[in-house]
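Report on one structure; see the data block that follows.
Values in this document were obtained by computation on a predicted structure and should not be read as measured data. Both ligands and their constituent atoms are indexed starting at 1 by order of listing. Keep in mind that the numbers below use all heavy atoms, side chains included, and drop hydrogens, waters and symmetry copies.
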Amino acid sequence: MNVDLHSHSTASDGLLKPQDLVARAAANGVEILALTDHDGVSGLSEARAKAESEGVRFVDGVEISVTWGGSTVHIVGLQIDPQDPVLRSGLESIREGRVRRAEKIGEALAAAGVPDSLAGAKTYAENPNLISRSHFARHLAKTGWARDVKSVFQHYLVKGKPGFVQHRWASLGDAVSWIRASGGIAVVAHPGRYNFPRPELHAFLAQFRDCGGAGIEVVTGSHSPEQYVEYARIAREFGFSASRGSDYHGKGESKADLGALPQLPDDLKPVWHDW
Ligand code: AMP
Ligand code: MN
Ligand code: MN
Ligand code: MN
């Protein structure tokens, strides 16, 4: 079964419109696809309609930005109800924070000698309510501040660099409860990306489980093959179900294409087991 439960469209910081993303997934042989845009659900209805016409089974998803212990982590919600008022108002509160953060990023970059970056970022954002660092990065790369999006991040947009702005996203408990309130299952996105020391990783996962989290991504475009093994072990240890998702954003901006990752280890319970 080819399952891809993590992807982005122009409703957040992906490069493809929802229907084009679905078409690409179908062409790649994906049988079950989740669209998981950052902090919003506005791409889901278009994606679902296209999935129905392509014969792809579609899963409503979202990727929620969370602050835990001073770090940013991402929690994916799968099988959510995009109409649920609790989920919708929670996501809206995050997007309001994003707008303020984008203004601060623009000011911080201006202070570092990079002018007009917020206006530039907006030209790359199809959804004006969802300005991501990716949109700043595309603008800065295009205007020659660094050679590509990745190196814009390295030189301008990560902690310690001039365009980085501290921001408080949702709490872990709130994010998980919004997902559950809407009937969804909460999954830790790309746990290997957080560089938590082991005790902190364990504290994070224990709290996630205590507040109702049920899964972790094991096979993701963000993990190395060694990390597939490491997080499979952690899934077993914590009793989490396991997810597989490319985190595809578009050509040139993603390590893995839609549906192109290895399968989960056989003994793990896949998050889609009971769907
Ligand atoms: P934001 O939620 O606005 O802080 O933006 C986070 C997004 O930026 C992630 O979802 C990735 O798509 C992208 N991103 C984060 N770090 C990097 C990086 N080092 N290189 C390229 N893209 C990145
Ligand atoms: Mn992204
Ligand atoms: Mn993420
Ligand atoms: Mn993602």
Backbone N or O of Gln19 within a donor-acceptor pair of the Glu46 side chain at under 3.5 Å?
yes
Asp247: its N/O/S atom lying closest to the Mn ion (ligand 4) (atom name):
OD1
Donor-acceptor contact present, side-chain Arg236 to main-chain Leu268, <3.5 Å
no
Is the closest heavy atom of Arg101 to ligand 1 under 4.0 Å?
yes
Give the name of the N/O/S atom in His8 that lies closest to the Mn ion (ligand 4).
NE2
When His74, Lys255, Arg193, Glu217 are each screened for side chain to side chain contact (heavy atoms under 4.5 Å, CB included) with Asp247, the one that passes is Arg193
Here the atoms of ligand 1 under 4.0 Å from any heavy atom belonging to Ser134 are 7 (C), 8 (O), 12 (O), 13 (C)
Just which atoms of ligand 1 are under 4.0 Å from any heavy atom in Ser132?
1 (P), 3 (O), 5 (O)
Measuring to the Mn ion (ligand 3), does His74 have an N/O/S atom at a distance below 2.8 Å?
yes
Could you tell me, atom by atom, which parts of ligand 1 come under 4.0 Å of a heavy atom of Arg98?
1 (P), 2 (O), 3 (O)
Looking only at side chains, do Asp81 and Ser182 share a donor and an acceptor under 3.5 Å apart?
no
Does an N or O from Ser65, backbone or side chain, lie closer than 3.5 Å to an N or O of ligand 1?
no
Would you check whether Lys150 has a nitrogen or oxygen atom less than 3.5 angstrom from a nitrogen or oxygen atom of ligand 1?
no
Parallel, tilted or perpendicular: which fits the ring planes of Tyr156 and Trp145, with parallel below 30° and perpendicular above 60°?
perpendicular
Mind checking whether Lys150 and Glu253 have side chains closer than 4.5 Å, heavy atoms only?
no
If I consider every N, O or S atom in Glu63, which one ends up closest to the Mn ion (ligand 3)? I only need its name.
OE2
Before we go on, tell me: are the rings of Phe208 and Phe240 under 6.0 Å apart, centre to centre?
yes
Any nitrogen or oxygen of His74, main chain or side chain, under 3.5 Å from a nitrogen or oxygen of ligand 1?
no
Under 4.0 Å, heavy-atom basis, I'd like to know which part of His38 is in contact with ligand 1: side chain, backbone, both or neither.
side chain
Output yes when Glu237 and Arg233 qualify as a salt bridge under the 4.0 Å nitrogen-oxygen rule, no when they do not.
yes
Does His249 reach ligand 1 with a nitrogen or oxygen that is under 3.5 Å from one of the ligand's nitrogen or oxygen atoms?
yes
Geometric N/O contact Asp13 with ligand 1, under 3.5 angstrom
yes
Return yes if some donor-acceptor pair links the side-chain N/O of His202 with the main-chain N/O of Arg198 below 3.5 Å, else return no.
no
N/O/S atom of His6 inside 2.8 Å of the Mn ion (ligand 4), strictly under:
yes
Can the ring centres of Phe196 and Trp68 be said to be less than 6.0 Å apart?
yes
